[in-house]
Amino acid sequence: MKLGFIEIFDSSTRAAAVPSLVLAAFGGLLSSALVPLASLGMRRSLTGIDLWVVVALYALVLWGCFRLRTRAATRASVALERRLQSIERELLARLRRASLRAVESHPQLEEAFSRDVETLRYIPRITSDFVHDVVLLVGLTAYLASLSVTATVAWGVLIALMISLLRIAVAESLDAATEFDGLFAELGAGMRQALDGLPQLKLDHRVADGVCGELDATITRLRAERRRRDRVQAGMETNAVVILLGVKALVLFMLPSLGLTDVSVLSSVIAIVIFIEGPLFDLVHKSQYLVGAEGAWRNLRAWEARLPPESGGADEARPDTFQRIDFEGVRFRYHDGDSFEIGPIDLSLRPGEIVFIVGDNGSGKTTLMKLLCGLYEPREGALMLDGVPLEGAQRIRYRRLFSVVFAQHQLFERAYGLDVGDPSQVQELLERFALAGVTGLRGDRFTSRALSSGQAKRLAMVVALLEERPILVLDEWAAHQEPQLRRDFYERLLPELRARGKTIVAISHDDRFFACADRIVRLRDGRLVEGEEPA
Amino acid sequence: MADDAHGPERRVFAHARALLEVVFSGGLKSSAFVLLGVVAFSTAQILALYLITRTLSVYQAGGTPTAELVRFVVAIVVIGWAEFTLRTGVPRIITRALVRRQRRIVHELRRVDLPALEAIGGEQIQHTMTADVARVVESGTEIIVLADSWLTLGLLLVYTILTSSDPLALYVVLALICAVPITLAGLHAERRARVFEDGGDRALAIVDELTAGFAQVKLHAERSEAMAAAHAAQTEAHVERGASMYRASNLAHGLGDLLLFGVIGVVGLGYAKLTPDNTMNAQHLLITALFMFEPISHIILDQLSVARAGAALLRIDDLLARLAAAPGQAPPTAADVVEPKTFSSLVLEGVSYGYSAGEHRSGFFLGPVDFHLSPGEIVFITGANGSGKSTLLKLITGLYPRDSGSYHIDGQLVPRSPPVSTRALFAATLADFVLFTRSYGLEDVEPARIDAMLAEMKLDEIVTHAEGRFSTVELSTGQRKRLALVIALLRDRPIYVFDEWAADQDPEFREQFYRRVLPSLRAKGKAVVVVTHDDRYFGVADRRIHLERGGIS
């Protein structure tokens, strides 16, 4: 087994982890001394040691163990927690630098944050327990050997036997568990399909029969598989329990006939044999965990390759104006070999224009909009700002020209990064969009986020206007609004914004208001339809 | 979660009760077996302990412990039997009980009306059906271990009191009683762990928001920075919460060790001090104390996961209760269903439907609307997004129950939640649909017809059909819709319903859909309802209904 996750202990974590591991080893040594010390105290008549020395030593060791556990172990865990959080922050920073396409094509990203980080969280505790237990086992075995070599050999042979038996059983149970996990995933997928296809189930009883029958069959197979897995595991556990009792029986009933006649030594041996079981079992379990931690660490590392940073660094200067934006032969496809393609598109945008993008669903309006904002990079052709092709860092700077309200707009919990100069301006806008009393902004938090889709769109508009950027891009903003608000939007708001020097690009289906546009860009199957003028 | 409103102690009891009910749900015989197993296991443990100390005494007296050997073997057999029986039996009982619940959930999916299921939410049903069930089922072993541990500990207490009259035995008793504070420390650690987890969820929520609204983040560097800062603040706080959790859990574990080793020390050394001549008795007490290690560590470790299993079980039962209370109708057996082959009229009058703004969706109201449909008729429904087109389709197909107005088919009043035979009038391709790999509903269709239809939709080079399955359903959006159309057409029902079917199609297929598919359906006497934005083809319709803000205009 490779232990790549050891890398997680970087220099700062190591400073806390190494002492904690050393202390854990020391703690193991101390723990292994406790039972011998107690036995020694009891047999002190045989050895002639002053009892008070033993008692003092014992108390000291006990206190030491307690402090090590509560202090050193906690410190190591906290240090690693800090490290994990910084890994999480690095991952977030990597995410923020990645391109929109990279993030859209990796929907399972959240798992890295939840599952993998969670698994790694137990590394400090497990590694320090691991070290503790190994040292403890070694120490106790040494003590056992000093009491009786015969007992140690007998014990060692039996434990080796037990561990090899367990290994076979573990392989078998892993096998059963894999089978089981596969079926379990199948049930999850079947459920997802059934839930997504509920209307179909309701409309067609044969579909319902089929889907639910399939689910029932999976549940039945899952139960059988679970039973098999439980039997394997129960057999394994029972074997372990019986063998451990057998070890005790053999030590107890056979050793005296093998020459261990001192009863007080025998009872010490028994005490050690009982005591040693716990750490032994723990070790077996912890080694299983370490395999999982290795997998989690590799998953986490894999994100570095999956989320390459966008070309160019951060360029903080914010452009206030533009002279013109041009598309020159821009083409875009989501995946290689995808039949859906946008372009080639030639298009230009001037300040103070109201441009409507129209066309059927699936004609590429939203994709064109994302290309315009610099969120997608053209596969071919160029996007030019004031006659200069956009490249690298300029693209990131270029995006700052735009405020966008998407069709699927995410309403964040807070107005992150919004610099509200004048609170009365917020209130004014909330009133204008019939949101006063519905929600508001306290600090950077929205007082309520339980909004209808129409209200949510209006709040998104308020935020977009507060951003004060030169170009406002709206994707079917009016679709969820009432006719009165819709009319107000097309006939008053848009001209007002134009009068304030804003450029507006709006995706719209509202053919009645097409006259409100200075220019209409019609898309059909990813291409511009020429010669369209406002009606 | 609703149960968070109660104190943690009350919650623990509710969890324990729910779990116990499940463990004893297997009938009298199996319940008796479980009890017998637990008692046998713990008693045999104590017997083994007794036999160890007893054998040592026999040796001390110079005897040969033959009878003890025999009894020890018996104890091993009993423990082995009890262990195996419990570890196979209890998970089986729990699995059976949970499988029953899973089947009931599947049954309720068929029974409960669509709006009620949508209100509960697919995510929750999915989570309960998989993760929660798994958590309860996996807890089977832990429940046994926990029960064994508590009983063994109790019996140890009794055993110590009975076998030793020494004052030091009192200390062992005291220590056993001290298991209670260790348990409490463990529960405290669990609460800290819960706070820690909830905190982690807060950081995770920011990550979720960021990925969900990633396009907005990319456009706005300040927003990106602010979210990173909020996340960083959460993670910093998380380290603090982590510190407090680690302190609590290490304290619980440290206390456990301190207590156990304290017992050993005081028993062994104190006894040796008080009665220098009687080291044997001290050795026995030492061994007794060592026997406490295992149950106590199990109690510390396993009570946590058992508590979580209890919480998961309550969630499952809560979902089942909500489903059981939801309106719906019992699914029919196959023999009951007569699929109508024709209809003569379908009339909705003054029908309205509304859902109020809730946590997951926005308020919306449709109607009152009138709608009628006859065989051999093509009706288009048009209107802006959000004007209620899809809702109207769901009212027509009976997926949503109307809040007011009347609905007649062939002059018969249709109940709010229509029977299967009414829904069997419709073959639909709705906006969000699932393609099942199996060709459900096409069992009676000749294979050659399926192949021909796939070829007609230019899918034959991509998808094949054999033995009731399609070779693949991993298709592009346009292809998926074409396959869905193939299935709907082969289903051969009197009324066809399409929700923006043509939106993702190439012009060629769009042309085919409007100019060939729809007219040929009309020619066969089918009625067709189409939600569409394609104004170029409005002429294809016999009638067009324009919806505006939940009403017909």
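Within every chain, numbering begins at 1; the chains are lettered A, B, ... in the order of the sequence lines, protein sequences first and strands thereafter. In what follows, every heavy atom counts, from backbone to side chain, and hydrogens, waters and symmetry copies are set aside.
Counting only heavy atoms from C-beta outward, the side chains of A:Leu195 and B:Val434 never approach each other to under 4.5 Å.
Looking only at atom types and distance, the side chain of A:Arg97 has no donor-acceptor partner in the side chain of B:Ser224 under 3.5 Å away.
The two residues A:Glu88 and B:Thr235 have their closest heavy-atom pair at OE2-CG2, 4.0 Å. Of all heavy-atom pairs between B:Ile76 and A:Ala249, the closest is CD1-CB, 4.2 Å. In terms of heavy atoms, B:Arg110 sits closest to A:Asp209 at NH1-OD1, 2.7 Å. Residue B:Ala221 comes nearest to A:Arg400 through the heavy atom pair CB-NH1, 2.9 Å, listed as atom of the first residue, atom of the second, then distance.
Only the backbone of A:Ser99 comes within contact range of chain B, judged by heavy atoms closer than 4.5 Å. The part of A:Leu201 that comes within reach of chain B is its side chain, from C-beta onward, which places non-hydrogen atoms under 4.5 angstrom from that chain. In this structure, the portions of A:Phe412 lying under 4.5 Å from any heavy atom of chain B include both its backbone and its side chain. For A:Leu92, the part sitting under 4.5 Å from any heavy atom of chain B is the side chain, from C-beta outward, and nothing else. A:Leu100 touches chain B through backbone and side chain together, each having a heavy atom under 4.5 Å away.
Here B:Ala215 is the residue among B:Gly213, B:Ala215, B:Ala232, B:Ala134 with the most heavy-atom pairs under 4.5 Å with chain A.
Between A:Arg414 and B:Glu209 there is no salt bridge, since no side-chain nitrogen of the basic residue lies less than 4.0 Å from a carboxylate oxygen of the acidic one.
Between the CZ atom of B:Arg493 and the CG atom of A:Leu203 there is a distance of 7.5 Å, given to the nearest 0.5 Å.
The main-chain N or O of A:Ile219 is never found under 3.5 Å from a side-chain atom of B:Gln102 such that the two would form a donor-acceptor pair.
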